[in-house]
Structure formats: C-alpha cells, structure tokens
Amino acid sequence: MTDKKQLKARIRARMAKTGESYTTARRHTLGVQRPRDDHGWEFRGGHHPDTAVVSRLTGVPEPLVLLAGGGIGAGYILWEFKRHDSAALVMAFRNQWQYYDRWMTKTLDRLGVPYTNHSTGGAKGAARRLAEELDAGRPCVVLPDRYHIGYWRLPKELDGYGGHPVIAYRRSGGFVHVDDRGSGPILVPEERMEAARGRVTSYKNSLYVLGGPATGDLAQAVGEGLKDCVEHLSSSSDSFSLPAWRKWGRLLTDERNAKGWPKVFADGTRLAGALLSIWEGVEPVGIDGGNLRDLFADGLDAAAGLLGREELGESAVEFRRIHGMWHELAEAALPYAEFGRIRELTVAVREAVLSDGEAREEDAEELWRLRAEADRTPRKVDFSAIAEHVTAIHAAESAAIARLREIV
C-alpha cells in the first residue's frame, strides 16, 4: 500500500510540473495502465471528452474523430460575475466549440454513424428514456452538469456552469454506470444523473444513441474535416476563430479597454482564478483534455497515410511545436513555484476520478479553499510576458493553418 501511494505521488508530481495527462505521466514513471472492465464494458481512456465518446462507441481512433469533426478551434471570452465577485476565463480549442450538438451531428454524419438524438424538457420523461435505452443494452451519450454529477466534487458556486459528454452504458441498483475516460466505472445515483442532465438549458436532457460503428468513407470524412478546419480558423471572428488569440494578446496589456486585463484586474484580486483557467484549459491535467494541438498532430500523422499526403506529416511536426508553445504559456501564467500545491491538488482530483471514480473529499476541499484564498489575495503579474506568448502562438497557428490550407 505504501509503494502504491508513493507511485501515485510521483505520478501526480510529474503531472503538476509537466502538464502531462495521467496516462502519459504514468507511462513515463512506470508503464501503461491496464484498464478494467465492467460486465463486458471495456474502458479505453480518452483525451478529450467530445472526441473520446465518439471514438469509444464507433471504433474510430480519437485523433481521426477530431479531424473528421473539423479539427481544432479557437475561442476566448472573459466573463465577469458581479454577484460572485469573480472573473471566469473561457478558452476553447475544438472546432465549433460553442455548439456541441452541431459538432456532434456533423461528426457522426461524416463518419457514417447511424444515431438518434433525444431531448425533452421533462425530467421524468428524460429519465425514463435513458433507463429504457440502458435496459435494452444501448449505451448513451449524455451531457450532465459537472456540479450536479457529483464525482468531481465542485463547489456550489459552479452549479449550472455546464459539463461535458460522458457515456452512460448500464444501470443497476439505482445507479447509472458512467465512462468518463477513466480506467473503471463511475457509479452515479439515478436521481443525481436526472438532476445533472436537466440543469443546463441549452442542452437540457440531451441524449445520443449511436446505432453502430462508422460505415462511411473515413478518408473522405477526414478530408472534409480538414477543409472545415482551415475554413473555420481562417474566418475573422475574434471570439470563435484564430483572431481570438490576437484579441486576447492585445487585451492583456490594454489599459483603456473595459475588458483589458489591467482594468479588469486593477486591484490584483480575482486574478488567480483567471491564471488557473489558463493552466487548466491549456494542459491535459484539466477536465477538458487541454489545447488539443497534440491530438491534432496525431491525427495529421494518421491522415498523411490515409490520404496519401506526406505534407500532412510536416504539419503534424509544426503543431507539436505549437503544443509546446501552449505549455510554455501555461507555465508562464501559473508557475509551479508559486502555485505548486494547487497544481498538485488539481492533478490529484483528476487522477482520483479517472482511477477511482470520484475525487477524494479532502483533496477537493483543500483545492477549492486554496483557490478561493488565492483569488482574494492581491497579486501583481507581468501581463506583457503572457501577452508575448499569446501573440507568438497566434502568429504560429495562423501560419500553420495557412500552410494546411495549401495542402488540403
């Protein structure tokens, strides 16, 4: 038992310092983790919630699911919540990240996956439909609110902030069995699942049932997805496309704009939460799988052979370099020397969910207590240093997408 605790401590320390996912850090530390199974359901892990559920239910490798769905995206929004005296930074890295249903249906259609999509405003009807599908042996993709689903042990102030897709594949004894990219089952009480699915209005009680493996032309799906990617990221939107990074880089040092960071964080408080959002959003230690440039690069390598275009392999090399640039940004925003304990606890919470099915209460309580304290503490940050990283990333991604446009 002591050896196991020491191993986990070594893995968590590596994750906190490098930003690696649990699987990658464990592989470097020891070896590959063997997933468990639950009554025949095999756990295969996963990188990004959206692409992982499609990959698990269709058999298409996750990097190619990302490509078929339109590849990477870009998004930046800084929300201010006066009631909670907080600021929330939203960073997004998947194509059409603001419209989950549109992305899901587009991806499934391209891959040739039969599916049905159900949604209803009635909680009882939604619960009954889920129960019927599971009892018939049909796994379902659902979108529960993270606070209400419970196993992340989030604080009350995050009630209704949304969630990500997971697979509900079985129910027994009043529990729904959930696969959330971990190595074993997560058991969620049925009444909790009902509340979590009905919490967010924009995708209330959404449920997808996939009718089988992908039967479409995978090469064609990937080719269409790559064209979608370059078209999307070549648009002029400064909230939902590459110009979002340019806008963010400027706002980091703009002292006159109401959304400029020098104005929003003038007294130095609430800033820690924004810096934490950068680190959690960029690195795979966060809930959403990170900036996805590494997964995209894996997809480009696979697509090079699938489409017979060696140049895609060259693009893969560039996007791995850009993935490293994002890591450098995360380190600049949230240095380990100052935020080491918070980073370690963030890793511990994620690792516990993936391996044990629920975050440990003591870790979650300490994490959110330290986060609240950090957010209340005035601090000075050199925004220009962060802006330099963001501006460099914008330039690199713009050039990489322009090159990808030439190829596809």
Side-chain angles (χ1 to χ4, degrees), residues 46-58 60-77 90-113 115 117 141 143 164-165 202-203 206 208 210 214 216-245 281 288-304 306-307 309 311-312 315-316 318-319 322-323 326 393-394 397-398 400-408:
H47 190 119
H48 178 59
D50 303 358
T51 51
V53 297
V54 175
S55 177
R56 174 63 184 83
L57 293 173
T58 64
V60 178
E62 191 177 355
L64 291 180
V65 172
L66 179 66
L67 263 60
I72 55 175
Y76 165 86
I77 300 175
V90 175
M91 301 175 63
F93 299 99
R94 172 183 59 72
N95 174 278
Q96 216 165 16
W97 58 270
Q98 70 275 33
Y99 300 117
Y100 173 76
D101 283 333
R102 294 183 190 179
W103 178 88
M104 184 68 161
T105 56
K106 171 177 65 177
T107 303
L108 296 177
D109 287 341
R110 282 181 181 156
L111 292 172
V113 178
Y115 67 92
N117 175 219
V141 178
L143 279 88
H164 59 262
S202 59
Y203 49 77
S206 175
Y208 283 85
L210 277 57
D217 185 326
L218 184 56
Q220 180 178 339
V222 167
E224 290 177 359
L226 284 172
K227 291 177 181 178
D228 181 3
C229 178
V230 297
E231 191 67 30
H232 180 73
L233 289 180
S234 299
S235 76
S236 60
S237 172
D238 62 5
S239 292
F240 307 121
S241 187
L242 283 184
W245 306 145
D288 289 328
N291 65 78
L292 303 184
R293 274 53 182 166
D294 52 343
L295 189 66
F296 188 59
D298 291 344
L300 290 173
D301 274 336
L306 188 65
L307 301 177
R309 303 299 300 269
E311 310 97 310
L312 291 174
S315 289
E318 177 61 7
F319 276 101
I322 292 171
H323 177 69
W326 279 106
I393 287 170
H394 173 256
E397 291 200 347
S398 297
I401 289 298
R403 173 56 182 146
L404 195 57
R405 174 183 282 276
E406 295 174 358
I407 297 172
V408 304

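Numbering starts at 1 and runs along the sequence shown.
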If the plane angle is over 60° it's perpendicular, under 30° parallel, otherwise tilted; pick one for Y115 and Y208.
tilted

Please test D301 against L312 for side-chain contact (heavy atoms from CB on, under 4.5 Å), starting from the C-alpha separation and ending with a verdict.
CA-CA 6 Å; D301 274 336; L312 291 174; over 6 Å; no

Taking the six-membered ring for Trp, are W245 and F93 closer than 6.0 Å centroid to centroid?
yes

Provide the closest heavy-atom pair for S55 versus P61 in the form atom of the first, atom of the second, distance.
OG-C, 3.8 Å

Check ion pair R56-E62 (N to O, under 4.0 angstrom):
no

With no hydrogens and no angle check, is any side-chain donor or acceptor of R293 less than 3.5 Å from a backbone partner on N291?
yes

Verify side-chain contact (heavy atoms from CB on, under 4.5 Å) between L292 and R94, making sure each step is shown before the conclusion.
CA-CA 7 Å; L292 303 184; R94 172 183 59 72; 4.1 Å; yes

Are F240 and W97 close enough that some pair of their side-chain heavy atoms sits under 4.5 Å apart?
yes

Specify the closest pair of heavy atoms between N95 and W103, including all atoms of both residues, with the distance to one decimal.
O-CD1, 3.4 Å

Taking C-beta and beyond as the side chain, do E311 and S315 meet within less than 4.5 Å on heavy atoms?
no

Looking at every heavy atom in both L57 and V141, which two are closest together, and how far apart are they?
CD1-CG2, 3.6 Å

Looking only at side-chain N and O atoms, does D50 offer a donor or acceptor that is under 3.5 Å from a partner on H164?
no

After noting the C-alpha distance and the side-chain angles of E318 and L404, does the key distance pass the side-chain contact (heavy atoms from CB on, under 4.5 Å) rule?
CA-CA 11 Å; E318 177 61 7; L404 195 57; over 6 Å; no

Start with the C-alpha distance between T107 and M104, add both sets of side-chain angles, then the distance that settles side-chain contact (heavy atoms from CB on, under 4.5 Å), and finish with yes or no.
CA-CA 5 Å; T107 303; M104 184 68 161; 5.8 Å; no

Measure across I401 and F319 and return the closest heavy-atom pair with its distance rounded to 0.1 Å.
CD1-CZ, 3.9 Å

Quick check: do E231 and R405 have side-chain heavy atoms less than 4.5 Å from each other?
yes

Check whether any side-chain heavy atom of D228 sits under 4.5 Å from a side-chain heavy atom of Q96, and report yes or no.
no

If you measure from CD on E224 to CG on D217, what distance do you get to the nearest 0.5 Å?
9.0 Å

Between S235 (side chain) and H232 (backbone), is there a donor-acceptor pair under 3.5 Å?
yes

Report yes or no: does D288 contribute a side-chain atom to a donor-acceptor pair with the main-chain N or O of G290 at less than 3.5 Å?
no

Quick one: closest heavy-atom pair of S206 and N117, and the distance?
OG-ND2, 3.7 Å

Do E397 and W326 have side-chain atoms, one donor and one acceptor, less than 3.5 Å apart?
yes

How long is the straight-line distance from CG of L64 back to CG of L218, given to the nearest 0.5 Å?
5.5 Å

Would you call I407 and V230 a side-chain contact if the rule is heavy atoms closer than 4.5 Å?
no

Ion pair check, R403 and E406, cut-off under 4.0 Å
yes

State the CG-CG distance between L210 and L111, to the nearest 0.5 angstrom.
9.5 Å

Once you round to the nearest 0.5 Å, how far does CZ of F296 lie from CD1 of I72?
4.5 Å

dist R309:CZ -> L300:CG (nearest 0.5 Å) comes out at 12.5 Å

Close side-chain approach of V222 to L306, heavy-atom, < 4.5 Å
yes

Spacing of S241 atom OG and L233 atom CG [to the nearest 0.5 Å]
5.0 Å

For C229 against G70, the heavy-atom pair lying closest together
CB-O, 3.0 Å

